[in-house]
Amino acid sequence: MNIFENISLKKYNTFGINVNARFLVEISSKLELINFLQLKEFSFFKKIIIGGGSNILLTKNFDGVVIKINISGMNVIEEDNDFVIIEAGAGVIWDELVSFCVDKNYGGVENLSFIPGTCGAAPMQNIGAYGQEIKDSFYSLEGITIDRGESKTFFNDQCHFGYRDSIFKNDLKNKFIITSIKLKLKKNPIVNFSYSSIKSELEKKKILNPTIKEIRKIIYGIRMSKLPDPAKIGNAGSFFKNPIITKDKLLQLQKIFPGIIFYPADENKIKLAAGWLIEQCGWKGKKIGNVGVHSEQALVLVNYGNASGDEILNLSAEIKKSVKDNFGVELKEEINIFY
Ligand code: FAD
Ligand code: NAP
């Protein structure tokens with residue numbers, strides 16, 4: 001294990017916010033984690049967990065221990081004619097797992113191609129894109145409780161997965177460290193191209209029955225054209241979740257905004273496209289000092305240089321207020337803010 005003291009976290013978060021941590025420990029195995037949690041000299045410090053830092057906003061120096069999970073390893077552990085179960089260490093880069101699966105034609109995560117971050121963080125918000133979520137192919141995960149150092153396993157139905165949500169983002173946030181995940185993938189993939197951006201690319205390319213390799217390639221093209229590369233412009237992907245509203249609320253909104261973009265959601269609810277709401281309020285492409293709203297995707301807030309976490313927070317508060325004032329809809333943050 002590597003332990004650093006008084007270290008800048010700038011390179012550990014894709015927003016590129018420059019705050020310091022009192023300690024940062026890099027963990028490369030489950031045993032190392034158990035041993036670290038037993039060390040008396042760190043037991044009284046607050047602890048936070050990070051993977052790739054692509055879904056966090058840091059707002060101030062942290063007088064505690066940042067636990068950076070680097071646990072590697074990726075193996076097929078079980079298979080039959082129809083399914084394969086793959087285990088990956090929490091520190092494995094998520095897209096390396098996706099790339100492996102797509103190469104082998106194991107279906108279930110191809111639409112989640114090119115999502116930044118680690119496998120350990122992926123169940124946290126039940127990562128999703130283009131109509132697929134990790135919960136659809138999630139089997140189980142293992143981890144350690146921070147307070148007692150106990151090993152626990154969670155199967156799919158114990159994770160309380162929801163829309164960009166899970167038990168790990170709620171009751172167990174900063175209490176449980178995921179050390180590995182298992183996915184159950186299909187050997188005969190069912191390709192999902194329900195999103196119109198994928199459909200139109202397939203039409204352009206005249207592909208009628210796409211393979212998961214073709215889907216991955218198309219998603220690469222769409223993502224490159226719409227999303228800022230965190231290596232060039234600091235960002236953490238979508239800052240807000242798409243709001244879920246009732247059908248009655250939608251009917252009210254449609255009377256005033258006939259063009260409002262919406263999709264059916266779970267349990268008779270409606271999902272509004274938050275990016276559309278923000279764009280209608282005039283934010284898309286706006287730059288204020290060091291921060292701004294991405295010109296191609298209004299859900300993405302960006303750091304143009306030396307922004308502080310507070311500058312991002314102030315911008316997000318203004319956006320929330322204008323969406324609330326104009327549409328009566330509350331935006332909730334998708335990213336994890338460390339105040
Ligand atoms: P971090 O940002 O390091 O951590 C996120 C949260 O998980 C924190 O609360 C942290 O404490 C916790 N955490 C991290 N590791 C562990 C662990 N091992 N055990 C317990 N808790 C842990 N997300 C999507 O869902 N869909 C997308 O399409 C998508 N596209 C993106 C595009 C861009 C350009 C960017 C920058 C982000 C995007 N994201 C997307 C958000 C982000 O990539 C995912 O949420 C990703 O899973 C975060 O992984 P990470 O390792 O960077 O997590
Ligand atoms: P998009 O395709 O322009 O769609 C805009 C919004 O409408 C999305 O948020 C999406 O909801 C919703 N949507 C579109 N078609 C839908 C359908 N057929 N059924 C249900 N909902 C539909 O979005 P985009 O910005 O280019 O992103 C494409 C995908 O990548 C989305 O799934 C998005 O979530 C994901 N993504 C996520 C992040 C992140 O940080 N979380 C960043 C970039 C992209 P959903 O978001 O619920 O899918």
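All residue numbers in this chain count up from 1 along the given sequence. We count ligands from 1, going down the list as the structure has it; atoms in each ligand are counted the same way.
Between the side chain of Trp94 and the backbone N or O of Leu112 there is at least one donor-acceptor pair closer than 3.5 Å. Under a 3.5 Å cut-off, the side chain of His294 and the backbone N or O of Lys226 do form a donor-acceptor pair. In terms of modelled atom types and a separation under 3.5 Å, the side chain of Lys271 and the main chain of Pro243 share no donor-acceptor contact. Under the 3.5 Å distance criterion, the side-chain polar atoms of Asn326 are matched with a main-chain donor or acceptor of Ser322. Formation of a donor-acceptor pair under 3.5 Å by the Asp103 side chain with backbone atoms of Phe100 is not found in this model.
The shortest N or O to N or O distance between Gln125 and ligand 1 is under 3.5 Å. No N or O atom of Thr14 sits closer than 3.5 Å to an N or O atom of ligand 1. Considering backbone and side-chain atoms together, Gly51 places an N or O closer than 3.5 Å to an N or O of ligand 1. Taking any N or O of Ile49, backbone or side chain, at least one lies under 3.5 Å from an N or O belonging to ligand 1. For ligand 1, the polar-atom distance check against Arg223 finds a nitrogen or oxygen pair separated by under 3.5 Å. Not one N or O of Gly117 is nearer than 3.5 Å to an N or O of ligand 1, by distance alone.
Remark: ligand 1 atoms within the under-4.0 Å shell around heavy atoms of Ser54 are 1 (P), 2 (O), 36 (C), 37 (C), 41 (C), 42 (C), 43 (O), 46 (C), 48 (C), 49 (O), 50 (P), 52 (O). Ligand-side atoms of ligand 1 in range of Thr118: 49 (O), 50 (P), 51 (O), range being under 4.0 angstrom from any heavy atom. Heavy-atom contacts of Ala236 reach the following atoms of ligand 1: 35 (C), 36 (C), 37 (C) (cutoff under 4.0 Å). Residue Asn235 has at least one heavy-atom neighbour below 4.0 Å for each of these atoms of ligand 1: 34 (C), 36 (C).
Considering Ser99, Cys101, Pro189 as possible partners of Val109, the one that fulfils the side-chain contact (heavy atoms from CB on, under 4.5 Å) test is Cys101. When each of Phe176, Phe161, Phe138 is paired with Phe154, the ring pair (Phe, Tyr, Trp, His ring centres under 6.0 Å) condition holds for Phe176 and for no other.
In this structure, Lys287 satisfies the cation-pi test against Tyr304, with its NZ or CZ atom closer than 6.0 Å to the six-membered ring centre and inside 45 degrees of the ring normal. Relative to the six-membered ring of Phe42, Arg22 misses at least one condition, a distance below 6.0 Å or an angle of at most 45° to the axis. With Phe83 as the aromatic partner, Lys184 meets the cation-pi criteria of under 6.0 angstrom to the ring centre and within 45 degrees of the ring axis.
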**Q.** salt bridge (Lys or Arg N to Asp or Glu O under 4.0 Å) evaluation trace for Glu201 with Lys204
**A.** CA-CA 5 Å; Glu201 285 303 308; Lys204 265 192 229 159; 2.9 Å; yes
(message) Is there a side chain to side chain contact (heavy atoms under 4.5 Å, CB included) between Gln38 and Asn35? Walk through the geometry before answering.
(response) CA-CA 5 Å; Gln38 283 171 354; Asn35 290 338; 4.1 Å; yes
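Distance CD1/Ile177 to CG/Leu172: 12.0 Å, rounded to 0.5 Å.
The heavy atom nearest to atom 15 (N) of ligand 1, considering only Gly89, Ala121, Gly53, Gly52, is found in Ala121. When Gly128, Pro116, Ala129 are checked for heavy-atom proximity to atom 26 (N) of ligand 1, Gly128 turns out nearest. Nearest to atom 5 (C) of ligand 1 by heavy atom, out of Ile146, Asn336, Ile50, is Asn336.
The six-membered or imidazole ring of Phe338 lies away from that of Phe62, with a centre-to-centre distance of 6.0 Å or more.
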Can you give me a line-by-line list of nitrogen or oxygen pairs between ligand 2 and the protein shorter than 3.5 Å?
| unit_1 | atom_1 | unit_2 | atom_2 | d |
| --- | --- | --- | --- | --- |
| ligand 2 | 3 (O) | Lys226 | NZ | 3.0 |
| ligand 2 | 9 (O) | Asn242 | ND2 | 2.8 |
| ligand 2 | 11 (O) | Asn242 | ND2 | 3.2 |
| ligand 2 | 11 (O) | Lys271 | NZ | 3.0 |
| ligand 2 | 15 (N) | Tyr263 | OH | 3.4 |
| ligand 2 | 21 (N) | Tyr195 | OH | 3.1 |
| ligand 2 | 21 (N) | Lys271 | NZ | 2.9 |
| ligand 2 | 25 (O) | Gln297 | NE2 | 2.3 |
| ligand 2 | 26 (O) | Lys226 | NZ | 2.7 |
| ligand 2 | 32 (O) | Tyr130 | N | 2.9 |
| ligand 2 | 34 (O) | Arg164 | NH2 | 2.7 |
| ligand 2 | 40 (O) | Ser238 | N | 2.7 |
| ligand 2 | 40 (O) | Ser238 | OG | 3.4 |
| ligand 2 | 41 (N) | Glu334 | OE1 | 3.4 |
| ligand 2 | 41 (N) | Glu334 | OE2 | 2.7 |
| ligand 2 | 46 (O) | Arg164 | NH2 | 3.3 |
| ligand 2 | 46 (O) | Asn242 | ND2 | 3.2 |
| ligand 2 | 47 (O) | Tyr163 | OH | 2.6 |
| ligand 2 | 47 (O) | Lys271 | NZ | 2.6 |
| ligand 2 | 48 (O) | Tyr195 | OH | 2.5 |

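The single protein non-hydrogen atom nearest to atom 36 (C) of ligand 1 is Gly237 N, 3.3 Å, given as residue, atom name and distance. Protein heavy atom closest to atom 4 (O) of ligand 1, with residue, atom name and distance, is Ile56 CG2, 3.8 Å. Remark: minimum distance from atom 7 (O) of ligand 1 to any protein heavy atom is reached at Met124 CG, 3.2 Å. Closest protein heavy atom to atom 18 (N) of ligand 1: Ile178 O, 3.0 Å. Of the protein's non-hydrogen atoms, Ile127 CG2, 3.3 Å is the one closest to atom 47 (O) of ligand 1.
In this structure, Phe176 is part of the shell of residues with a heavy atom less than 4.0 angstrom from ligand 1. In this structure, Ile115 has a heavy atom closer than 4.0 Å to ligand 1.
Between Tyr195 and Tyr263, the ring planes lie parallel to each other; the angle is under 30°, not in the 30° to 60° tilted range.
No part of Ser238 comes within 4.0 Å of ligand 1, judged by heavy-atom distances.
Residues Val191 and Ile212 are in side-chain contact: their nearest non-hydrogen atoms beyond the backbone lie under 4.5 Å apart.
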